[in-house]
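Let me begin by presenting the structure, written as structure tokens, before commenting on it.
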There are 2 protein chains.
Amino acid sequence: MPKNCNFVEKLREVGLRPTKQRIKMCEVLYNREKTFHFTINDLVKMISEKMNEKISLATVYNTVHAFEKKGYLKEISIDSQKSYFDTNTSAHHHFFDEDTHELIDCDESDIDKINIKKNITGKKINSVEVLVRVASDNQTQK
Amino acid sequence: MPKNCNFVEKLREVGLRPTKQRIKMCEVLYNREKTFHFTINDLVKMISEKMNEKISLATVYNTVHAFEKKGYLKEISIDSQKSYFDTNTSAHHHFFDEDTHELIDCDESDIDKINIKKNITGKKINSVEVLVRVASDNQTQK
DNA sequence: CAATAGTTTAGAATTATTATAATGTAGATT
DNA sequence: AATCTACATTATAATAATTCTAAACTATTG
Ligand SMILES: [Mn+2]
Ligand SMILES: [Mn+2]
Ligand SMILES: [Zn+2]
Ligand SMILES: [Zn+2]
């Protein structure tokens with residue numbers, strides 16, 4: 001979703017009614033320079049603290065999943081109890097900072113294209129994702 | 001942990017008391033030809049159904065985490081609510097079958113060594129893991 | 001407008017996991 | 001061998017992320 005686009009129209013286009021909760025969430029998620037990563041909890045905080053708005057937790061979940069299904073959000077695989085989401089929906093790899101629990105995008109140029117030499121019969125490849133775990137140079141890590 | 005090794009001695013070596021629960025779990029986990037992947041729930045089922053033994057859920061969690069800390073188990077990152085564990089503790093990549101929710105090891109030869117060109121200041125790389133999501137060729141996928 | 005299908009919501013339910021605190025036991029000390 | 005003690009096990013409660021439920025609300029259509 002491009003910055004400052006007509007969210008009402010965009011939502012209608014994909015068959016989602018432009019409710020005020022969804023429009024507000026579009027603003028929080030897409031009206032910014034860079035894409036970013038968030039958890040549901042982050043998002044709820046952003047809505048209430050930054051926007052001074054109250055959207056029920058169930059609606060935040062519903063809407064995030066609706067946007068995901070429409071291809072406007074991507075879920076990221078990290079071993080953790082909670083899910084991470086990404087407003088950058090293109091195929092890309094990640095660094096995960098084990099100290100801060102922050103996700104950082106890899107640029108196209110950071111990792112060469114990965115060539116899978118094996119193929120599993122009857123199965124097609126949906127995605128190939130690299131996760132690079134990093135942590136403080138000095139510290140004890142798991 | 002090698003197959004048919006002396007689990008009692010192995011446990012003592014790393015400072016874990018060889019209780020009957022831990023020995024039983026060693027047998028379930030390591031007395032087999034190939035390494036494998038499991039969830040806590042899988043493991044509890046294996047213990048009760050295959051071994052006809054009852055180990056409390058808390059002990060299964062405790063022991064899995066104790067074995068993980070000692071380097072005899074590895075946790076695998078999949079987006080899911082539940083954690084997967086691996087008796088193959090070496091660095092390796094995975095296929096994840098989105099139909100069956102099964103993890104499959106990549107051989108060394110299946111994916112070329114990954115070269116990370118970016119480095120994050122003050123951080124060292126702990127691991128680089130590839131996850132290849134596969135699904136049935138015909139089916140609707142998320 | 002009125003009808004209707006889709007949406008929001010508070011709160012309950014579910015699920016994986018961790019914490020608690022009482023009981024049990026391996027291994028050391030007498 | 002009996003005793004001691006730190007470590008383990010256990011049932012159960014607590015927690016946390018997520019999903020479900022069902023009633024109230026609202027965007028859109030006719
Ligand atoms: Mn999801
Ligand atoms: Mn863990
Ligand atoms: Zn990203
Ligand atoms: Zn594996």
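Reminder, nothing fancy here: chain letters follow the sequence lines and each chain counts from 1.
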Just to be sure I understand the rule, does A/L57 reach a base, reach only the sugar-phosphate, or reach nothing, if contact means heavy atoms closer than 4.0 Å?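 Base contact.
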So what does A/N62 hit on the nucleic acid, given a heavy-atom distance under 4.0 Å: a base, only sugar-phosphate, or nothing? base
Output all residues satisfying side chain to side chain donor-acceptor pair (under 3.5 Å) with [X], sequence neighbours left out; order by chain, then residue number.
X	value
B/T19	none
A/S127	none
B/D86	B/H37, B/H92, B/H94

If we fit an axis to the first five pairs and another to the last five of the helix from C/dC1-D/dG30 to C/dT30-D/dA1, what angle do they make, to the nearest 10°?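 Roughly 10° between the end axes, to the nearest 10°.
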A/E27/A/K3 ion pair, N-O < 4.0 Å: no
[atom1] of [X] versus [atom2] of [N]: gap in Å, rounded?
X	N	atom1	atom2	value
A/E75	D/dT19	CD	C1'	13 Å
A/N41	D/dT15	CG	C1'	14 Å
A/Q21	D/dA24	CD	C1'	13 Å
B/I47	D/dT10	CD1	C1'	14 Å
A/L11	D/dA27	CG	P	13 Å
B/D42	C/dA16	CG	P	11 Å

Looking only at side chains, do [X] and [Y] share a donor and an acceptor under 3.5 Å apart?
X	Y	result
B/N115	B/K117	no
A/R22	A/T59	no
A/S90	A/N88	yes

Judged by atom type as modelled, is there a donor-acceptor pair below 3.5 Å linking the side chain of B/D97 to the main-chain atoms of B/E102? no
Please state whether the phosphate of D/dA8, meaning OP1 or OP2, lies under 4.0 angstrom from any side-chain nitrogen or oxygen of B/T59.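 Answer no for this pair, as no side-chain N or O of B/T59 is under 4.0 Å from OP1 or OP2.
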Selection from [options] that lies nearest to any side-chain heavy atom of [X]:
X	options	result
B/R22	D/dT9, C/dT9, C/dT17	D/dT9
B/K54	D/dC20, D/dA11, D/dA17	D/dA11
B/S83	C/dA10, C/dT17, D/dA11	C/dT17

What are the atom names and distances for every N/O pair under 3.5 Å that joins the protein to nucleotides 24-28 of chain C?
| unit_1 | atom_1 | unit_2 | atom_2 | d |
| --- | --- | --- | --- | --- |
| C/dA26 | N3 | B/R17 | NH1 | 3.4 |
| C/dG27 | OP1 | B/R12 | NE | 2.8 |
| C/dG27 | OP1 | B/R12 | NH2 | 3.2 |
| C/dG27 | OP2 | B/R12 | NH2 | 3.2 |

Give me each pair satisfying ring-ring contact (aromatic ring centres under 6.0 Å, His included) with a member in residues 98-122 of chain B, each pair once, sequence neighbours excluded. B/F96-B/H101
